[in-house]
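Along the sequence shown, the residues carry numbers beginning at 1. For ligands, and for the atoms within them, numbers begin at 1 and follow the listed sequence.
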Amino acid sequence: MQTAVKPSLLEAEAVRAFLTAAGEKPYRLSQIDQAVYRDLVLEVDEITTLPTALREDLARHFVLSPMTLKKDALSSDGTNKFLFETTDEYLVESVLMRHKGDRLTLCISSQVGCPVKCSFCATGTMGYSRNLTTAEIVGQVLHVNRKLALTGERVRNIVFMGMGEPLINYDHVMDAVAILKDQKKFGIGARHITISTSGIVPRIKDLMERDPQVNLAVSLHAPNDALRTKIMPINNAYPLASLMDMLKLYTDTTNKRIFYEYIMLGGVNDSPLLAHELGTLLRGHLAHVNLIPYNPGAGWPDMKASSRNRIMEFQRIVQGYDVPCTIRYTFGQDIDAACGQLAVKEGKNAVAAEKQQKFQRVQKPVS
Ligand code: SF4
């Protein structure tokens, strides 16, 4: 007989319902939140602000966290990659990056796999299993905060750039953002949270209306429909013209700069001609382009990274259109830190990924 999976203490509604049914006062929930999010207890038993009987009762009905840490890989550049296992045995990744000045940014996942299937992305090759719950999303940050507490640090910046398309899992992601911002929980300012999307146009509008302070990043990767559709099939659903119209409305409304991600794929999207096209597309927009050197092995087996000179030339051309353009430092190459790389190699996600890659190999490669 299978043992029923216990809910976690990060599921506020379940905890609230439990406390109400047990006839407990509402302030008990605040005590639990304080212990879980601020004091970073490791066991339900450690919530010593609660009476012993309630603690024992909670421990019988709840686990502390909805995921377990399966692997913690440290790169030679200080980047940490965390691999978590969900209660239904899927693997989910988060990556902790140390920027200059020791600014810590955690890249978190929002789905198991991804339905968007960008051709250069390891997560895209693994197929899609399910959305992460709100508890599973914030659980990643909580685990990392527990580790950082040992050195007196905390996660201060969050990017939704891990596995999955966050705006497809919109409700859970926005609930997670509210918890991340909550001063009594993580206390991370909206300006330190970035949601990165492949361009789910209607949801960008929802995001703009619901939380305009959160930063928006857009995975662009090509400046025209023909090429973008080849490497990002989502462009069929939301072609560039509709995406750019929405992004113009976004910047006009929020007055916030949008970060455009552009992965540099050798011989695919890195020509000077395409740099001119990108500059023309973004000229006059409140935009910042991030050129991302491709991490080999992440997607198509035959995709390769652009040379350093090629990337610098591309940057120079885009900047010539008065569009700020930087080259992003690539973190953790020696620990498979690119989105989905580690989860693809391990666990049951790997089976789906292998099937997907076999399927893709018989398709026409991106030219
Ligand atoms: S790049 Fe992002 S949107 Fe595209 S397949 Fe990977 S996870 Fe999904």
Side-chain angles (χ1 to χ4, degrees), residues 81 83-84 90-95 106-132 136-137 140 158-170 172-173 176 194-204 207 215-222 227-240 243 247 258-265 268-269 289-301 303 305 328 330-331 336-345 349-350 352-353 355-357 359-360 363 366:
K81 183 146 196 170
L83 194 63
F84 299 103
Y90 285 111
L91 297 179
V92 174
E93 301 174 357
S94 315
V95 179
L106 185 66
C107 174
I108 58 175
S109 296
S110 54
Q111 297 182 309
V112 179
C114 182
V116 174
K117 297 188 173 73
C118 301
S119 59
F120 49 82
C121 169
T123 305
T125 65
M126 85 175 52
Y128 167 72
S129 299
R130 67 169 175 84
N131 283 332
L132 292 183
E136 288 167 335
I137 295 170
Q140 298 167 61
I158 296 287
V159 290
F160 282 86
M161 284 186 194
M163 296 163 62
E165 163 52 67
L167 293 189
I168 290 180
N169 188 11
Y170 181 80
H172 292 166
V173 164
T194 300
I195 292 182
S196 175
T197 179
S198 56
I200 313 296
V201 170
R203 289 307 199 187
I204 294 174
L207 174 66
N215 299 310
L216 180 66
V218 174
S219 295
L220 196 63
H221 308 313
L227 180 58
R228 193 164 190 267
T229 301
K230 271 188 182 174
I231 58 177
M232 299 181 71
I234 192 74
N235 195 69
N236 275 318
Y238 304 109
L240 262 183
L243 176 61
L247 297 177
I258 292 172
F259 298 90
Y260 289 87
E261 311 293 324
Y262 197 102
I263 194 160
M264 297 298 288
L265 303 167
V268 175
N269 64 351
V289 176
N290 268 322
L291 300 179
I292 307 166
Y294 177 60
N295 197 344
W300 286 89
M303 271 194 181
R328 186 189 293 163
T330 309
F331 290 94
D336 295 322
C339 163
Q341 275 185 312
L342 200 53
V344 155
K345 285 188 180 171
N349 316 41
K355 280 188 193 153
Q356 185 79 12
Q357 281 179 338
F359 169 75
Q360 284 182 334
Q363 307 291 301
V366 174

Problem set entry | Any donor-acceptor pair under 3.5 Å from N269 side chain to I263 backbone |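 Here the side-chain-to-backbone pair exists.
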For this session: Of the side chain and backbone of C118, name the one, both, or neither that has a heavy atom under 4.0 Å from an atom of ligand 1.
Result: both
Exercise. Any chance the side chains of Q111 and N169 put a donor and an acceptor closer than 3.5 Å?
Worked result: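 There is no such pair between these side chains.
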Exercise. Centroid-to-centroid, H221 to Y260, below 6.0 Å?
Worked result: no
Problem set entry | Gap separating the CD atom of E261 from the OG atom of S219, nearest 0.5 angstrom |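 One gets 6.0 Å once the value is rounded to the nearest 0.5 Å.
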Exercise. Which atoms of ligand 1 have any heavy atom of K117 under 4.0 Å away?
Worked result: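 In order of numbering, the contacting atoms are 5 (S).
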Exercise. Any idea which atoms of ligand 1 are less than 4.0 Å away from a heavy-atom of G124?
Worked result: 5 (S)
Exercise. Taking C-beta and beyond as the side chain, do L220 and V289 meet within less than 4.5 Å on heavy atoms?
Worked result: no
For this session: Pick, from G164, G113, S119, the option with the minimum heavy-atom distance to atom 2 (Fe) of ligand 1.
Result: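 Of the listed residues, G164 has the closest heavy atom.
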Exercise. Do any N/O/S atoms of C121 come under 2.8 Å of atom 8 (Fe) of ligand 1?
Worked result: no
Exercise. Does S219 have a non-hydrogen atom less than 4.0 Å from ligand 1?
Worked result: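 No, S219 has no heavy atom closer than 4.0 Å to ligand 1.
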